[in-house]
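Everything on this sheet refers to the single structure shown next.
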Number of protein chains: 2
Amino acid sequence: MLDNLRGMAVFASVVNHGSFSGSARELGITTSAVSQQIRSLENDLGVVLLHRSTRKLSLTEAGAGFYEAAKDVVDAAEQGRMRVNQLRDELAGSLRIATTPELSVNHILPALSTWLTAHDDLAVHFLADNHYIDMIDERVDIAIRMSPSIVDSKMSSHALAEVKQVLVASPEYLQQHDKIETPKDLSKHELIGIELVKDPNVLEMVCRESGKKTKVKCNTRIQTNNVFVATALAKSGHGLVRMISLDIQKELDSGELVEVLPEYQLPDYVLYAVTLDREQQPAKITRCLEVLKEYFENYSK
Amino acid sequence: MLDNLRGMAVFASVVNHGSFSGSARELGITTSAVSQQIRSLENDLGVVLLHRSTRKLSLTEAGAGFYEAAKDVVDAAEQGRMRVNQLRDELAGSLRIATTPELSVNHILPALSTWLTAHDDLAVHFLADNHYIDMIDERVDIAIRMSPSIVDSKMSSHALAEVKQVLVASPEYLQQHDKIETPKDLSKHELIGIELVKDPNVLEMVCRESGKKTKVKCNTRIQTNNVFVATALAKSGHGLVRMISLDIQKELDSGELVEVLPEYQLPDYVLYAVTLDREQQPAKITRCLEVLKEYFENYSK
DNA sequence: AAGCATTACGGCGTACGTAATGATT
DNA sequence: AATCATTACGTACGCCGTAATGCTT
């Protein structure tokens with residue numbers, strides 16, 4: 001199966017050129033090498049492929065038959081090489097990006113929007129899911145994740161942005177419940193839990209002035225795995241919710257939700273783009289990462 | 001163009017088996033070798049072809065594209081190998097035989113007749129021509145020739161039969177002309193010349209009893225390059241004609257022509273089958289030679 | 001523990017180039 | 001004489017096997 005593929009390519013070249021020396025020039029080897037390849041091939045096949053009369057080459061019947069196949073071999077090899085080059089260098093083929101639905105809608109899509117329209121050879125697949133997904137199984141090129149995240153040894157992370165966590169609630173909720181002036185006050189409040197974080201009902205808060213840390217445990221009666229749901233719950237006044245500022249910016253701007261205890265801060269998250277390999281990435285992946293980085297750099301200014 | 005064809009075959013095998021070790025078993029090499037081939041291929045292409053997670057292999061997009069081509073490569077190679085084997089081992093394809101028209105009609109066709117009908121995958125081409133032909137240019141597999149014949153260094157001869165030359169004439173001619181009792185008497189006779197021999201009008205005769213050689217020069221008014229024409233001329237009583245006994249046997253048997261000076265003999269010819277190479281001949285060629293030899297062995301008994 | 005892939009290392013073989021030879025125009 | 005193919009020979013690189021290592025089930 002592995003036998004003499006090289007010889008076949010040489011043979012095809014020889015037939016194309018009608019001479020050993022012409023072939024040798026094309027292949028960048030000597031006529032000697034060509035001659036040896038052909039001889040070896042003929043010995044291997046147990047048949048004479050071409051009659052050689054110094055000035056003229058002439059295929060035998062077996063040679064003619066074999067040439068068809070040899071041509072197919074080099075054509076296929078050529079095509080494979082071209083295809084790979086295309087997928088490596090051009091913004092073509094498919095690009096699969098995994099995020100949470102919220103990040104996707106709020107940030108990744110906006111970040112990539114213009115880039116995507118500029119490269120319509122690119123078939124982009126957004127896998128928006130809250131479950132952990134296997135990047136290899138799902139053929140994910142880029143996964144957008146929050147730290148701390150499980151990062152395989154074979155993966156590499158690209159920090160995109162520092163993301164603030166904020167504690168928010170609707171103005172109505174704050175009016176109707178006990179006033180919140182220190183972290184301690186939180187323990188009497190209802191925290192809408194988001195299953196995606198490890199300790200849904202524990203808040204670590206740091207005072208911006210003193211740097212003093214406080215851990216508060218809240219009640220978490222209502223839980224969800226979906227940020228949209230959590231937002232809706234918060235807006236309806238069902239409680240406090242802890243959220244990535246990116247996900248809630250719109251509601252803060254409109255006043256639908258307001259920050260609670262702004263003088264205390266929750267631990268930051270880092271938004272990462274995770275890829276499988278650092279080296280030898282197709283251009284579309286590295287370009288996409290660049291676009292994302294640029295977007296989030298401008299965003300945080 | 002010659003790069004990594006081996007690697008492509010290995011890659012195709014790996015993808016087919018879904019594992020390095022499975023591929024290694026098929027290819028009869030170690031997993032180490034497989035791993036190195038794939039790595040070399042990936043480095044060469046500048047792209048990751050498959051993600052490996054110990055238990056599971058998974059193609060990248062580029063890998064999937066490249067696999068299509070790699071499969072084509074091995075398929076084409078396989079097919080070429082099969083085709084060559086077929087043309088080498090089976091009695092199929094074409095077989096080109098060059099003879100003179102006379103030999104063809106009188107002997108080669110009868111000799112091969114049953115063999116040909118037994119192998120109908122064989123497309124036989126008879127090149128019946130009196131001109132010298134280039135075996136390579138005309139793709140002749142077997143040429144039937146008389147000695148002494150121009151034999152290239154690359155050709156090899158296979159003696160088929162000793163062929164007697166006989167001097168014949170029609171009974172009517174002999175009656176109407178001077179009686180022929182010794183070679184000397186021939187000088188007054190008309191010899192129909194056949195251009196195919198070197199000295200058409202010179203006869204070298206050896207007495208069967210004494211072994212004495214005589215050279216006689218005859219008149220040659222009528223010449224032809226065609227044995228059929230010469231035979232017809234002889235039958236019409238236009239003169240003596242010197243011929244290969246094979247070509248004239250029928251007329252001798254029927255009495256249309258009779259031998260002149262049977263106690264003297266002309267130099268023998270040897271009927272040869274000439275092929276281009278002795279080694280690595282397709283089966284159909286060697287088989288055909290065997291059939292011919294057998295035929296002429298039985299014939300001379 | 002077993003099966004699998006990767007890596008380093010070293011040996012062997014193959015593919016190549018050089019140079020000389022032979023063949024053909 | 002010039003161009004081309006073949007061959008012998010020496011060399012160097014490539015390919016592969018061994019063995020050790022790491023990873024996964």
Side-chain angles (χ1 to χ4, degrees), chain A residues 1-11 13-15 17-44 48-60 63 134-137 150-155 276-277 279-280, chain B residues 1-11 13-15 17-44 48-60 63 134-137 150-155 276-277 279-280:
Chain A
M1 176 167 172
L2 307 175
D3 320 292
N4 259 324
L5 286 170
R6 197 179 181 80
M8 287 187 79
V10 174
F11 175 66
S13 162
V14 165
V15 177
H17 286 80
S19 82
F20 281 41
S21 43
S23 161
R25 277 189 290 271
E26 184 202 28
L27 300 176
I29 58 180
T30 60
T31 62
S32 168
V34 174
S35 175
Q36 293 171 64
Q37 287 289 344
I38 300 298
R39 182 151 47 96
S40 150
L41 194 59
E42 287 182 330
N43 285 335
D44 223 54
V48 177
L49 293 174
L50 32 82
H51 292 298
R52 352 222 206 296
S53 40
T54 306
R55 284 286 162 188
K56 207 168 18 177
L57 293 181
S58 156
L59 284 170
T60 64
D134 184 309
M135 289 189 66
I136 290 178
D137 286 349
I150 306 126
V151 172
D152 202 288
S153 63
K154 287 172 184 171
M155 301 177 184
L276 273 175
D277 293 274
E279 312 295 337
Q280 297 187 335
Chain B
M1 176 169 173
L2 307 177
D3 320 294
N4 260 325
L5 286 170
R6 194 181 183 81
M8 288 186 79
V10 173
F11 175 66
S13 163
V14 166
V15 176
H17 286 80
S19 83
F20 280 40
S21 42
S23 161
R25 276 189 292 272
E26 183 203 29
L27 300 176
I29 58 181
T30 60
T31 60
S32 169
V34 174
S35 174
Q36 292 172 64
Q37 286 289 342
I38 301 298
R39 181 153 46 98
S40 150
L41 194 59
E42 287 181 330
N43 285 335
D44 222 54
V48 177
L49 293 174
L50 32 83
H51 293 300
R52 350 219 204 298
S53 40
T54 305
R55 283 285 162 189
K56 208 168 19 176
L57 293 181
S58 156
L59 284 170
T60 63
D134 185 309
M135 291 189 64
I136 291 178
D137 286 350
I150 307 126
V151 172
D152 203 286
S153 64
K154 286 172 185 170
M155 303 175 182
L276 272 175
D277 293 273
E279 312 295 338
Q280 295 188 336

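As the structure is a prediction and not an experimental result, all values here were calculated from the model. Quick note on labels: first sequence line is chain A, next is B, and so on, each numbered from 1.
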d([atom1], [X]; [atom2], [N]) in whole Å:
X	N	atom1	atom2	answer
B/L57	D/dT24	CG	P	14 Å
B/H51	C/dC4	NE2	C1'	18 Å
A/L49	D/dT6	CG	P	12 Å
B/L41	D/dC15	CG	P	11 Å
B/L50	C/dC4	CG	P	16 Å
B/E42	C/dA5	CD	C1'	13 Å
A/I136	D/dC23	CD1	P	15 Å
B/E26	C/dC4	CD	C1'	18 Å

Give a yes/no answer on whether the side chain of A/S35 brings an N or O atom under 4.0 Å of OP1 or OP2 in D/dT6.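 For D/dT6, OP1 or OP2 has a side-chain N or O of A/S35 closer than 4.0 Å.
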
When you check the phosphate oxygens OP1 and OP2 of D/dC4, does a side-chain N or O of A/R52 lie under 4.0 Å from one of them? no

For the student: nearest non-hydrogen atoms of [X] and [Y], plus distance:
X	Y	answer
B/V14	B/L50	CG1-CD2, 4.1 Å
A/Q280	B/N43	NE2-OD1, 3.4 Å
A/L49	A/F11	CB-CE1, 3.8 Å
A/L2	B/R6	O-NH1, 3.4 Å
A/I38	A/R52	CG2-NH2, 3.8 Å

Test of understanding: with side chain to side chain contact (heavy atoms under 4.5 Å, CB included), list the residues that count as partners of A/S40, not counting sequence neighbours. A/N4

Reckon A/T31 touches a base, only the sugar-phosphate, or nothing at all at heavy-atom distances under 4.0 Å?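 Result for A/T31 = base.
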
Which letters describe nucleotides 8-16 of chain C, given B = protein heavy atom under 4.0 Å from base, S = only from sugar-phosphate, - = neither? B------SB

When the side chains of residues 18-29 of chain B are checked against the rest of the protein, which donor-acceptor pairs come out under 3.5 Å, sequence neighbours left out?
unit_1, atom_1, unit_2, atom_2, d
B/S19, OG, B/G22, N, 2.9
B/S23, OG, B/S13, OG, 2.8
B/E26, OE1, B/S13, OG, 2.8

